[in-house]
Amino acid sequence: MAAESKSRAGAVRIWRNARLATMAESAAGLGIVEKGAIAARDGLIVFAGPETEMPAALSQGADSVDCEGRWVTPGLIDCHTHLVHAGNRANEFEMRLAGATYEEVAKAGGGIVSSVKALRAASEDELVAQSLLRLDALMAEGVTTVEIKSGYGLDLDNETKSLRAARRLGEERPVTVRTTCLAAHALPPEAKGDKDAFIDLVAKTILPAIAAEGLADAVDGFCEGIAFSPDQIARVFDAAQAAGLPVKLHADQLSNLHGAELAARYGALSADHLEYTDEAGAAAMARAGTVATILPGAYYFIRETKKPPVGLFRQHGVKMAVATDNNPGTSPLTSLLLTMNMAATLFGLTVDECLAGITREAARALGLLEKTGTLEAGKSADLAIWDIERPAELVYRMGFNPLHARIWRGQ
Ligand code: DI6
Ligand code: FE
């Protein structure tokens, strides 16, 4: 890769004269270091802390960047997206604005099924080209890691095509891509209403084949009245465990099917949405260490009124991540900065919770906390450098991008 060849192996690069929000868990709040510096070697952070404490040996002969007092945070992480999809559903949006109901939209060929049709008709190259535009929008705001789900293919060939396209995005751009197989997202038309038979196909054929090809880092499902029951999702999770893959879940978004408990029972990395989750669900997630991924974009776009139980998550010590849920149906959102503003304004998350939600906790929700998500020695040198006076500005503004520079693996 061209970017990698820029710095010699073993060479040290230093960002100095910076104000750091390290987001280190051991520190209070944002882990702020005034007059800070970061040193990286071979793409990994070897020092992050007060500039005066940086070992002199590191700075000798190092390539040094003066941050001129700018703030540096970990590179941002979008831990829940359906970024790989074809076309869009702006037509449905217009119909709904004109007063059409979801039923009417579905009857006119809309809904998830229209995205399935579009994805099946698109080639892998077309999917990559369309998705790159969305990926570029995320990266322009400092995203260095993105999770991408399948779930609009719904058969082996098209789920495979989606995940291959997702992997290719990570080769086309300097960004870490984590892929999730969401074959249990919706019932495809050819299943003719037989959910159990489709779940069999997912558990016995689609998942094992995708796992064998190494195309998925995790497995997800949509547990909802309009999608799959907890028992059906459990069969998918059993297959995921047999294939050695961790699980995540779209849980309790539109009703309380106790998806949070189901996710916790399987030691899920995260349960996502959670508008209808109750206290038992929050307690189960806390015990299992399952992260609550808050998705305010979907809540806003479908004009949901039930908010996720943020107070219960705090009370029980459930970690909260924040993500875009970028998808053509319920969250056509490609800004993590705006997502933070929504999480704060709509759900009452604090600035510290928002920033942790798109860095440290998002890394935890992907099982990547050892590798990224905070500015600490040993982690990937994934940084975002900002033209701001205080971190709260990243949450406060709407539609303004103060990113100065984005560093991925030290470059
Ligand atoms: N929850 C959602 O909000 C989306 N998927 C999901 O599991 C909807 C996806 C779509 O409408 O295309
Ligand atoms: Fe989603």
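All ligand and atom numbering here is 1-based and tracks the order in the structure. Positions are given from 1 along the sequence. All of these numbers come straight from a predicted model, not from anything done at the bench. Values below: all heavy atoms of this structure, side chains included; hydrogens, waters and symmetry mates excluded.
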Practice task
Could you tell me which N, O or S atom of His80 is nearest to the Fe ion (ligand 2)?
Solution key: NE2
Exercise for the section: May I ask you to decide if Met398's main-chain N or O and Asn341's side chain share a donor-acceptor pair within less than 3.5 Å? Expected result: no
Practice task
Using the side chain to side chain donor-acceptor pair (under 3.5 Å) rule, pick out the option among His258, Gln253, Glu304 that qualifies with Tyr276.
Solution key: Glu304
Handout entry: Ser115 N/O under 3.5 Å from ligand 1 N/O
Key = no
Handout entry: Side-chain donor or acceptor of Lys319 paired with backbone N/O of Ala365 under 3.5 Å
Key = no
Exercise for the section: Run the numbers for me: atoms of ligand 1, each under 4.0 Å from some heavy atom of Arg89, listed by number. Expected result: 10 (C), 11 (O), 12 (O)
Handout entry: Closest heavy-atom pair and its distance - Ser114, Arg89
Key = OG-CD, 3.1 Å
Practice task
Show which atoms of ligand 1 fall inside a sub-4.0 Å distance from at least one heavy-atom site of Ile112.
Solution key: 9 (C), 10 (C), 11 (O), 12 (O)
Completion exercise
When distances are taken from atom 5 (N) of ligand 1, the protein heavy atom at minimum range is His185 NE2, 2.8 Å
Problem - Atoms in ligand 1 flagged as close to Tyr152, the criterion being non-hydrogen separation under 4.0 Å - result: 9 (C), 10 (C), 12 (O)
Handout entry: Per-atom contacts of ligand 1 with His273, taking only distances under 4.0 Å to non-hydrogen atoms
Key = 1 (N)
Practice task
Mark up the atoms of ligand 1 that fall under 4.0 Å of a heavy atom belonging to His250, in ascending order.
Solution key: 1 (N), 6 (C), 7 (O)
Problem - Heteroatom proximity flag, Gln253 to ligand 1, N/O under 3.5 Å - result: yes
Problem - Opening angle between NE2 in His250 and OD1 in Asp325, taken at the Fe ion (ligand 2), to 10 degrees - result: 170°
Completion exercise
The atoms of ligand 1 lying under 4.0 Å from a heavy atom of Thr330, numbered in the order shown, are 2 (C), 3 (O), 4 (C), 8 (C)
Exercise for the section: Establish, for the pair Arg303 and Phe93, whether the NZ or CZ atom is under 6.0 angstrom from the six-membered ring centre and no further than 45 degrees off its axis. Expected result: no
Completion exercise
Tightest non-hydrogen contact, residues Thr22 and Pro74, listed as O-CG, 3.9 Å
